[in-house]
Participant: 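Here it is, the structure, as structure tokens.
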Amino acid sequence: FSAAPAAAAAATEEPIQPPVDVKYTKLLINGNFVDAASGKTFPTVDPRTGEVIARVAEGDAEDIDRAVVAARRAFDEGPWPRMTAYERCRVLLRFADLIEQHAEEIAALETWDGGKTLDQTSETEVPMVARYMRYYAGWADKIHGLVVPADGRHHVQVLHEPIGVAGQIIPWNFPLLMFAWKVGPALACGNAVVLKTAEQTPLSALFVSSLLHEAGLPEGVLNVVSGFGPTAGAALSSHMGVDKLAFTGSTGTGKIVLELAARSNLKPVTLELGGKSPFIVMDDADVDQAVELAHRALFFNQGQCCCAGSRTFVHERIYDEFVEKAKARALQRVVGDPFRRGVEQGPQIDAEQFKKILRYVKSGVDSGATLVAGGDRVGSRGFYIQPTVFADVEDETKIAQDEIFGPVQSILKFSTVEEVVRRANATPYGLAAGVFTRSLDAANTMARALRVGTVWVNCYDVFDAAIPFGGYKMSGVGREKGFYSLRNYLQTKAVVTPIKDAAWL
Ligand code: NAD
């Protein structure tokens, strides 16, 4: 491992004992933790070693049905949609407090199950979950409808009502944050939920769901089914008792769930899908700053981000200097046990992703791109990969086109704003983009011309509960977070009443 000797040493040490126990491994249905109807379980694996952390109840179509029946009852007959919005708000606020009280345990569980660094889960992700919950708690009593003047002879109330039972399917790269993005707005609006977690990372959602009940959530309002996509996920997508579906994951699976929803009861679907986001560095940029930001934009979360800045476009005038510095930064990146403080990069999620990423590295080499850093695994155990940098990448190659979802940076050269915008837009995706420049004019032009849901100017990966997030083109349908998320979980009803006498005397 000549390219990253420090990294190799860190990743071959004995794994640190996680400071947490696994308390919840069963399905959460109607307020109780229960076995799968089939009695089946599946292993969830520690990405640091490939060893089994725990066996988890494996929900399938029958369990999804039980969960939907419970959610239906909670919505159709239970107190949750009928209580005042202020009472719902207070449950979510208590939940946020409980998240903070159990922050260390939750962060450790998330690190253990997903290989994310403890620095990241404890300092960013768990606090953000509390922040999202408080944000949506605040909306609960502010989403009432409005009165429309109409024709002067009718009094028209436009009511915002909860949509009903929401089915939600989340991925493994941000299990807790995806829980918060989906469950927060759904509950704030008064809905019931059936959540299917990713098979790689079932543990943290079960833990925080127990806290949500401690905070006062009535039984049946949130049901959590661990299980696989083609069984549990497909059953949820096609269930006739589900009124709305929200999905985050790959574009391929997004198409499947959309089709299942259309073929069953035509439930509305929101999709957060993949990306191949450009990070554009102009020639007036401070190169050191640009290198650091481009590095973080790609390598954050082991490169496993839908919005990873995975095509680093660099202006030809600063290209050589940028590549040298990007290489140096990648070689410095601290890879190792994610429980160790100061580690920047843990293992990839599982053997499948690990192998897929290494196949992409090979394809990059075969395509003629220059491998300037990394390119191999780290150590011989678990799913660690060296921070990898390719230079001289051509647009039509697989590493420039496909979502690699790993620590592989591709650097491409450009010469004009028009050219880079055209090339940046030339993918089926449109999730996000980064623009790094001192020129306000160049930033404004690119921000408008890039066909993506988020443009970060001189920053990247800035997330806040209030900022809408979602994709253009095949990166998704609809928006999550912010006010926009609430629209996904509300029905609009017009109540029209004649005004007997004239509206004005
Ligand atoms: P995936 O799309 O297969 O899985 C996401 C979720 O969908 C999981 O909960 C999974 O169980 C479920 N699912 C899978 N098949 C399903 C089906 N037929 N019906 C209903 N639900 C189904 O993604 P993955 O296998 O976890 O990762 C593969 C690729 O997806 C990654 O390499 C990456 O490119 C992409 N991905 C994107 C995101 C994102 O945030 N946009 C997140 C994770 C993965």
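First listed ligand is number 1; within each ligand, the first listed atom is number 1.
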Participant: Below 4.0 Å from any atom of ligand 1, is there a heavy atom belonging to Met178?
Facilitator: no

Participant: Would Ser237 count as being in polar contact with ligand 1, using the rule that some N or O on each side must be under 3.5 angstrom apart?
Facilitator: no

Participant: Quick one: do Arg48 and Asp337 satisfy salt bridge (Lys or Arg N to Asp or Glu O under 4.0 Å)? Show the steps, please.
Facilitator: CA-CA 7 Å; Arg48 301 174 304 161; Asp337 191 317; 3.0 Å; yes

Participant: Can you tell me the protein heavy atom closest to atom 8 (C) of ligand 1 and the distance?
Facilitator: Ile170 O, 3.6 Å

Participant: Give me the nearest non-hydrogen protein atom to atom 13 (N) of ligand 1 as residue plus atom name, then the distance to 0.1 Å.
Facilitator: Gly229 CA, 3.3 Å

Participant: Tell me which protein heavy atom sits closest to atom 21 (N) of ligand 1, plus the residue, atom name and distance to 0.1 Å.
Facilitator: Gly233 CA, 3.6 Å

Participant: Answer yes or no for Phe174: is there a heavy-atom contact with ligand 1 below 4.0 Å?
Facilitator: no

Participant: Give me the residue, atom name and distance of the protein heavy atom closest to atom 29 (C) of ligand 1.
Facilitator: Ser250 CB, 3.8 Å

Participant: Can you pull out the closest protein heavy atom to atom 11 (O) of ligand 1? Residue, atom name and distance to 0.1 Å, please.
Facilitator: Glu199 OE1, 2.7 Å

Participant: Any carboxylate oxygen within less than 4.0 angstrom of a Lys/Arg side-chain nitrogen, looking at Glu292 and Arg296?
Facilitator: yes

Participant: I need the single residue from Asn488, Asn191, Thr270 that forms a side chain to side chain donor-acceptor pair (under 3.5 Å) with Lys244. Which is it?
Facilitator: Thr270

Participant: I need the nearest protein heavy-atom contact for atom 39 (C) of ligand 1: residue, atom name and distance, please.
Facilitator: Cys306 CB, 3.3 Å

Participant: Kindly confirm or rule out an N or O of Thr253 lying under 3.5 angstrom from an N or O of ligand 1.
Facilitator: yes

Participant: From the options Thr251, Val257, Leu273, select the one whose nearest heavy atom is closest to atom 41 (N) of ligand 1.
Facilitator: Leu273

Participant: Does ligand 1 have any atom sitting under 4.0 Å from a heavy atom of Gln304?
Facilitator: no

Participant: Between the side chain of Lys473 and the main-chain N/O of Val452, is any donor-acceptor distance below 3.5 Å?
Facilitator: no

